[in-house]
Amino acid sequence: MDFLEKLVNAACPDFPKDREVRSTRDSFQWYKVIASSRTLMVPPANILRVNMLELDRFVESVNAFAKCDPTESIYDWEHLNLYEAHEPEEICTMIDRIEEVAKNNLVVCDIETRGLDWEDNILLSIGFATDEDTCYALYNIPIDGSKHNGCTDKIIWDKLQRLFNNPNLKWCWHNGKFDCGKLKYLCNLDAHIDEDTMLLHYVGINEKRGTHGLKDLGQLYLQAPAWDDQLDKIKKDYCKRHKITLAEFHYDDIPTEILIPYMQRDCIATRRLLMLFRRLQRPESQFIYRQLIRAANVYEKVELAGVQLDLDYLEDLEYSLDKEMSTAQKKLDQVAQQIWDPILYSKSTGAKITKNSEKFNPKSPKQLKWMLQEVLGHPVQSTDALMMETLLKQCDEGVIDNPLARDFIQSIMAVRKNHKYMDTYVCGLRQVMCRDFRIRGTFNLHGTETGRLSSSNPNMQNIPRDKKIKNLLRAAPGKVLVQLDYSQAELRVLAMLSGDPSMIKCYVDDLDLHAQVAQDIFGPDFTKEQRVMAKTINFGIAYGRGPSSISANFGVSMAEARGIINKWFRSKPLVKQYIDRQRAKPLRDEECKTILGRVRHFVITDSELNHIQNEYINTPIQSAASDMTMLSLLEIYDWLQDNGLGSQAQIVTTVHDSIILEVDDDSEIVAKVAVKCQDIMAETPHKFIDDCPVPFKADVEVGYSWGNLMELDEYVESKEVAQ
DNA sequence: TGCCCGGGCGCG
DNA sequence: AAAGCGCGCCCGGGCA
């Protein structure tokens with residue numbers, strides 16, 4: 001058996017005998033199906049051997065090919081029924097037509113907008129695919145309030161809303177959260193998601209990032225022509241001609257005769273992908289897919305809500321950070337100019353001499369590395385914060401004798417922190433603020449391979465804990481923020497998955513695990529620092545953290561670090577078993593799957609084996625913990641709606657294992673919502689996991705700004721005093 | 001000039 | 001060689 005045959009077999013063990021997979025060097029032919037000879041063309045074996053991304057595509061393509069009839073009509077892009085309407089009367093008639101044709105069926109919908117942002121955006125067109133070959137497109141939908149022959153703007157928008165509300169229709173999208181959010185924000189249309197091909201592909205077929213684009217999937221699964229090439233070319237030409245950057249390009253610069261067919265094909269591709277993915281989907285993923293659909297609808301509302309930015313405070317902070325920055329910069333300059341030599345630097349590193357390199361730039365790791373070499377007299381392998389700490393310690397101990405070193409390292413650390421805050425948060429947040437002073441980040445339900453969410457534009461999940469930054473975000477006037485945090489969610493999941501009696505008992509008795517561990521390791525008289533150490537170990541050790549990393553982190557010897565780890569495992573034998581069990585799985589070709597039916601796929605290579613083993617340990621834990629937050633979010637959202645609290649309390653953001661709501665500043669409502677949310681979060685794991693022996697717990701905090709949160713009691717009391 | 005990468009660092 | 005996991009954003013620097 002040659003390598004390609006082996007690969008086909010590994011990708012799809014029950015590959016049909018009457019079909020063939022053949023290699024070709026011509027990359028334009030890759031993943032093309034030749035129907036007459038029932039052949040799938042793929043890249044040559046040597047490319048699949050080294051290119052993981054290509055191997056990934058190969059696996060998907062072979063699986064799809066195995067389960068498809070190469071003569072199926074989903075591969076036909078020649079005979080499509082494409083209709084369009086842009087005059088008000090035509091639009092009216094077409095909406096009726098769509099409703100009539102769709103009947104009790106599924107409708108695929110896709111929109112085109114001017115850009116991707118919230119502000120300065122416009123809806124350009126809407127497409128509706130009513131079957132696998134038919135798409136209706138609407139554009140130039142009038143919004144100027146004028147009357148037309150027998151049809152007003154209002155009638156059109158009412159008809160559209162009625163269509164989206166039709167209880168007999170199911171709505172399918174590709175990343176519908178984007179479309180539905182924009183329809184609401186730009187046109188005040190309420191649409192919802194019943195099916196989503198992006199989420200289905202993510203959770204049912206391939207969890208890897210960057211594989212869910214509609215264009216890629218269309219080419220890989222549907223033999224679709226690369227119709228976006230034309231679009232890309234227009235984009236680039238337009239930008240060149242008008243001398244603008246690609247980021248400044250807007251889709252209304254594209255002529256409608258090109259944009260509309262493009263959208264129609266997107267709709268049809270989505271429709272065909274849904275049919276195909278339902279056949280290819282891992283059956284165990286059905287449950288989590290349904291939850292993701294619920295979550296897409298809820299996160300659409302979360303994104304629309306956004307969080308209020310305190311612009312006055314932002315400007316104060318900008319001023320004070322700026323002052324701090326120039327102080328730190330001055331201190332740095334004093335030292336740096338004694339060492340910095342652009343010519344010497346350029347000579348020894350090969351870096352180009354530019355205007356900028358006349359002065360030392362602390363943001364450049366390359367320059368910093370060279371500087372440290374000069375100061376210390378020996379090279380350093382890294383210039384990160386941990387290394388700087390270590391070097392500073394060495395200054396204290398007298399290991400480093402250069403008198404400049406201490407000042408230099410300290411000012412680098414100060415300058416770095418200030419720049420990070422200024423560049424990423426102060427400037428970054430202001431840049432994405434909407435005109436109503438709210439920040440509307442995007443939550444990517446398909447953002448990670450473990451099932452966690454990622455967040456972008458801005459990333460709402462990495463706002464510094466530092467008060468002075470966190471206070472940039474606050475509740476609107478008349479509202480308070482209510483933050484609900486799972487207490488040690490991942491460690492509770494580890495207790496559950498391993499079944500370790502000592503961990504379970506700790507949570508059943510509601511004890512402090514970190515203190516327990518500190519006592520196990522250091523004895524009953526452990527110090528505060530030792531508890532912090534225990535905490536770090538608790539979080540790290542379960543993910544395969546080794547003695548070298550522990551010893552580097554705490555400045556203890558390797559032997560001591562090993563001793564700590566051994567003691568930790570001795571008191572938690574079933575955790576040790578769990579870890580050993582998980583580490584063994586990749587060696588035996590066993591899947592890495594989670595309790596709610598998610599799976600991670602790995603190409604197991606020797607060089608990355610240790611890393612992959614750590615992922616086998618970590619993934620089921622991280623995944624289940626984040627799914628509990630997501631499921632709790634859904635339960636909380638439903639409870640708020642079912643109890644008519646939707647306008648008094650809105651979920652505004654989430655951060656992995658915490659949920660933040662913006663609630664009316666009324667202590668009765670706040671207490672009611674907070675306590676109920678805590679209950680929901682404690683109960684959710686037991687609702688979705690059979691025989692879960694570990695109790696879960698959520699803490700709640702309340703406050704007017706995100707950086708200054710207080711206990712619920714304290715808030716309620718403060719309200720009583722105010723009365 | 002735009003694009004991609006790696007280093008660094010913010011979060012859980 | 002280095003070895004805890006998962007992300008996104010900023011910057012510098014090299015490349016086309």
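In what follows, every chain begins at residue 1, and chains take the letters A, B, ... in the order their sequences are listed.
If you check every strand for non-hydrogen atoms under 4.0 Å, A:A489 touches nothing. Residue A:L246 is classed as a sugar-phosphate contact, given heavy-atom separations below 4.0 Å to backbone atoms only. Within the 4.0 angstrom heavy-atom criterion, only backbone atoms of the sugar-phosphate kind lie near A:N457; the bases stay farther away. Across all strands shown, A:F360 has no heavy atoms under 4.0 Å from either base or sugar-phosphate atoms. Among the protein residues, A:T619 comes within range of no part of the nucleic acid, since none of its heavy atoms lies under 4.0 Å from any strand. Nucleic acid contact class of A:A351 (heavy atoms, under 4.0 Å, all strands): sugar-phosphate only. Residue A:S455 is classed as a sugar-phosphate contact, given heavy-atom separations below 4.0 Å to backbone atoms only.
The aromatic rings of A:W370 and A:W340 lie perpendicular to each other, with more than 60° between the two planes, well past the 30° mark. Note on ring orientation: taking the six-membered ring where Trp is involved, the planes of A:H446 and A:Y202 are perpendicular (angle over 60°, cut-offs 30° and 60°). Ring geometry for A:Y238 against A:F249 counts as perpendicular: the plane angle is over 60°, on a 0 to 90° scale with 30° as the lower cut.
OP1 or OP2 of C:dA2 has not a single side-chain nitrogen or oxygen of A:Q381 nearer than 4.0 Å. Within the 4.0 Å cut-off from OP1 or OP2 of B:dT1, not a single side-chain nitrogen or oxygen of A:K240 is found. Residue A:R416 places none of its side-chain N or O atoms closer than 4.0 Å to OP1 or OP2 of C:dC10. Neither OP1 nor OP2 of B:dT1 sits under 4.0 Å from any side-chain N or O of A:T245. For the OP1/OP2 pair of C:dC9 and a distance below 4.0 Å, the side-chain nitrogens and oxygens of A:Y421 include no atom meeting the criterion. Between A:T448 and the phosphate of C:dC7, there is no side-chain N or O to OP1/OP2 separation shorter than 4.0 Å.
Rounded to an integer number of Å, the gap from CG of A:D423 to C1' of C:dG12 is 12 Å. Note: CG (A:N418) to P (C:dC10) measures 17 Å, nearest angstrom. A:I579 has its CD1 atom 13 Å from the P atom of C:dC5, to the nearest Å. For the pair A:E490 CD and B:dG12 P, the computed distance is 12 Å after rounding to whole Å. At whole-Å resolution of the value, CE in A:M460 and P in C:dC7 are 20 Å apart. At whole-Å resolution of the value, NZ in A:K467 and P in B:dG10 are 19 Å apart. Rounded to an integer number of Å, the gap from CE of A:M422 to P of C:dC11 is 12 Å. For A:I463 and C:dG8, the CD1 to C1' distance is 11 Å, given to the nearest whole Å.
With C:dG13, C:dC9, C:dC11 as the choices, the nucleotide that has an atom nearest any side-chain atom of A:K363 turns out to be C:dC11. For A:K420, whose side chain is taken as the heavy atoms from C-beta onward, the closest listed nucleotide among B:dC3, B:dC11, B:dG10 is B:dG10. In the set C:dG8, C:dC11, C:dG4, the nucleotide with an atom closest to the side chain of A:N459 is C:dG8. Distance from the side chain of A:P464 is smallest to B:dG10 among B:dG10, B:dG12, C:dG8. For A:N610, the listed nucleotide lying nearest its side chain is C:dA3; candidates were C:dA3, B:dG12, C:dG13. In the set C:dG8, C:dG13, B:dG12, C:dG13 carries the atom at the smallest distance from any side-chain atom of A:S364. Of the candidates C:dC7, C:dC11, B:dG10, the closest approach to any side-chain atom of A:Y425 belongs to B:dG10. Comparing B:dG12, C:dC7, C:dG4 by their nearest atom to the side chain of A:D657 picks out B:dG12. You'll find that the side chain of A:R545 is closest to C:dG4, out of B:dC3, C:dG4, C:dG12.
A 3.5 Å limit on both hydrogen-bonding distances identifies no Watson-Crick or G-U partner for C:dG4.
When the P atom is used for both C:dA2 and B:dG7, the distance is 12 Å, rounded to whole Å.
Two residues, A:S454 and A:H611, neighbour DNA chain C, and the one matched to the more 5' nucleotide by heavy-atom proximity is A:H611.
Defined by atom type and a distance below 3.5 Å, a donor-acceptor pair is missing between the side-chain atoms of A:N444 and A:R209. With 3.5 Å as the limit, one finds a donor-acceptor pair spanning the side chains of A:T450 and A:Q622. Side-chain N/O atoms of A:Y425 and A:K420 include no donor and acceptor closer than 3.5 Å.
Minimum heavy-atom separation, A:N471 to A:G707: OD1-N, 2.9 Å. Here the closest heavy-atom approach between residue A:H212 and residue A:N206 is recorded as CE1-O, 3.0 Å.
Residue-to-nucleotide contacts include a donor-acceptor pair under 3.5 Å from the side chain of A:N462 to the base of B:dG10. One N or O donor and one acceptor, one from the side chain of A:R452 and one from the base of B:dG12, sit under 3.5 Å apart.
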